[in-house]
Amino acid sequence: MNRAGLMMIALITMIGAGAAFAANEKPASEPAVKKPSIKPSIKSKQDTDGGNISGKVVETMNAGGYTYVCLEKGGKKTWVAVTEMKVAVGETRSFLPGQVMPNFTSKSLNRTFDAIVFSGGPAEEGVIIPGGDPSHVGSKANVASLDKGIKVEKASGANTYTVGEVYAKRASLNNKQVTVKGKVVKFSQGIMGKNWVHIQDGTGDQQKGTHNLVATTQDTTAVGDIVTVTGTFAKDKDFGAGYLYKAIVEDAKVQQ
């Protein structure tokens with residue numbers, strides 16, 4: 001073989017070896033990057049009530065379907081966002097824990113918060129989350145605020161109750177069939193294989209969280225409908241993942 005042929009073979013061999021090396025070589029590991037913490041700034045027991053976020057309201061505003069609330073306790077301020085509700089400066093409020101968003105910008109407010117907690121709702125609203133971070137924003141755990149214009153007559157027949165009565169009698173009604181009539185103030189469909197209906201009839205006490213009753217069903221309805229729900233009543237129902245209801249009607253039939 002002549003000299004030119006030998007040089008060609010050597011060149012091909014070198015190119016092949018280089019390609020194999022490039023294919024098998026792994027890039028150097030990137031240095032570990034410390035992820036920013038998204039835990040709440042609330043660190044001491046004095047800032048929480050059983051996992052809830054509490055304090056005096058020093059600033060509040062509504063925007064984009066949410067109510068933004070600044071709570072102050074022990075000299076520390078914490079911003080909380082919940083589905084729109086009535087809140088006044090000077091009130092003492094307690095909210096459920098939720099997903100903490102650092103450096104959150106509200107386009108509707110044109111404002112950036114260093115950190116804000118998107119809460120599951122007011123702690124006094126009939127849903128208890130005993131600590132932890134449920135991270136359920138605007139979910140079924142978020143109970144509708146009191147609609148003062150609602151006045152629905154009690155259903156007739158056996159085992160009928162008002163919303164306020166089922167809370168007052170929840171111990172004796174546990175695992176029994178109940179019928180409650182009310183106005184649909186919130187409807188969430190297809191969550192955990194169920195539809196979630198929130199009804200109010202004008203009874204109960206918002207401060208005690210006894211004005212709003214939740215029912216699970218396979219039926220559908222709409223906000224504003226006057227309905228009668230019939231199902232099995234349960235107290236302190238725990239669905240896991242932080243969902244604990246003081247009162248709920250399960251597997252309900254919803255009729256208009």
Side-chain angles (χ1 to χ4, degrees), residues 33-147 185-186 188 191 196 198 205-212 214 236 238-246:
V33 178
K34 185 178 181 180
K35 296 182 179 179
S37 172
I38 60 172
K39 294 182 179 180
S41 59
I42 302 167
K43 296 180 180 179
S44 63
K45 291 183 178 179
Q46 67 179 4
D47 295 317
T48 62
D49 296 323
N52 297 326
I53 307 165
S54 63
K56 183 178 180 180
V57 179
V58 295
E59 187 177 354
T60 184
M61 71 282 291
N62 294 335
Y66 285 91
T67 295
Y68 294 80
V69 184
C70 183
L71 299 174
E72 183 175 28
K73 188 170 185 179
K76 184 179 296 184
K77 294 182 179 180
T78 303
W79 276 99
V80 177
V82 294
T83 300
E84 190 169 318
M85 61 176 290
K86 186 176 181 181
V87 178
V89 172
E91 293 179 338
T92 297
R93 285 282 186 167
S94 181
F95 294 94
L96 301 171
Q99 179 66 48
V100 182
M101 300 292 291
N103 300 317
F104 174 78
T105 299
S106 169
K107 294 182 180 179
S108 54
L109 288 174
N110 192 27
R111 177 171 179 175
T112 298
F113 299 87
D114 291 337
I116 189 167
V117 181
F118 279 85
S119 166
E124 65 269 22
E125 290 287 4
V127 184
I128 306 169
I129 296 183
D133 181 5
S135 302
H136 299 310
V137 180
S139 69
K140 56 188 177 296
N142 191 7
V143 178
S145 299
L146 175 66
D147 186 335
V185 295
K186 184 176 180 182
S188 300
I191 300 174
W196 301 73
H198 296 240
D205 186 335
Q206 182 177 19
Q207 295 302 316
K208 295 180 180 179
T210 60
H211 69 291
N212 188 96
V214 178
D236 301 327
D238 190 353
F239 287 93
Y243 292 116
L244 174 60
Y245 287 82
K246 288 182 179 179

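Since we're looking at a predicted model, the values are computed, not measured. As a basis for the values below, the full set of heavy atoms in this structure was taken, side chains included, without hydrogen atoms, waters or symmetry mates.
Annotation for Ala115 and Val100: closest pair CB-CG1, 4.5 Å, computed over non-hydrogen atoms. Smallest separation of non-hydrogen atoms from Leu96 and Ser119: O-OG, 2.6 Å. Considering every non-hydrogen atom in both Asp205 and Thr210, the closest pair reads N-OG1, 2.7 Å. The shortest non-hydrogen separation linking Gly64 to Ser108 is N-OG, 3.9 Å. Gly55 and Lys73 make their closest contact through CA-CB, 4.1 Å (heavy atoms, listed as atom of the first residue, atom of the second, distance). A pairwise comparison of heavy atoms in Lys246 and Lys208 identifies NZ-O, 3.8 Å as the closest pair.
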(request) Before giving the answer on side chain to side chain contact (heavy atoms under 4.5 Å, CB included), spell out for Val214 and Trp196 the whole-Å C-alpha distance, their side-chain angles and the decisive distance to 0.1 Å. (result) CA-CA 7 Å; Val214 178; Trp196 301 73; 3.8 Å; yes
(message) Quick one, Val69 with Phe95, criterion side chain to side chain contact (heavy atoms under 4.5 Å, CB included). Give me CA distance, side-chain angles, the key distance, then yes/no.
(response) CA-CA 10 Å; Val69 184; Phe95 294 94; 4.2 Å; yes
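Sequence neighbours left out, not one pair with a member in residues 94-104 passes salt bridge (charged side-chain N to carboxylate O under 4.0 Å, His left out).
Distance check: Ser106 OG to Met101 CE gives 12.0 Å after rounding to the nearest 0.5 Å. The NZ atom of Lys86 sits 9.5 Å away from atom CD of Gln206, with the distance rounded to the nearest 0.5 Å. Distance check, rounded to the nearest 0.5 Å: CD1 of Ile116 to OH of Tyr66 gives 10.0 Å. Taken from CG in Leu109 to CE in Met61, the straight-line distance is 6.0 Å, to the nearest 0.5 Å. Expressed to the nearest 0.5 Å, how far CD of Gln99 lies from CZ of Phe104 amounts to 11.5 Å.
Residues forming a side-chain hydrogen bond (donor to acceptor under 3.5 Å, both in side chains) with Thr60 (at least two apart in sequence, or on another chain): none. Tyr68 is linked by a ring-ring contact (aromatic ring centres under 6.0 Å, His included) to Phe113, counting only residues two or more places apart in sequence or in another chain. The salt bridge (charged side-chain N to carboxylate O under 4.0 Å, His left out) search around Glu59 returns Arg111, not counting sequence neighbours. Residues passing the side-chain contact (heavy atoms from CB on, under 4.5 Å) test with Glu91 are Val57, Val87, Ala88, Arg93, sequence neighbours excluded. Residues meeting the side-chain contact (heavy atoms from CB on, under 4.5 Å) test with Asn103, sequence neighbours left out: none.
Checking side-chain atoms of Thr105 against main-chain N and O of Thr112 turns up no donor-acceptor pair under 3.5 Å.
Residues Val89 and Val58 are not in side-chain contact: their nearest non-hydrogen atoms beyond the backbone lie 4.5 Å or more apart. Between Ile53 and Thr78, the closest side-chain pair of non-hydrogen atoms falls below 4.5 Å. For the pair Phe118/Val82, no side-chain contact is recorded, criterion being any heavy-atom separation below 4.5 Å from C-beta on.
Counted by atom type alone, Thr67 and Asn62 present one or more donor-acceptor pairs between their side chains at under 3.5 Å.
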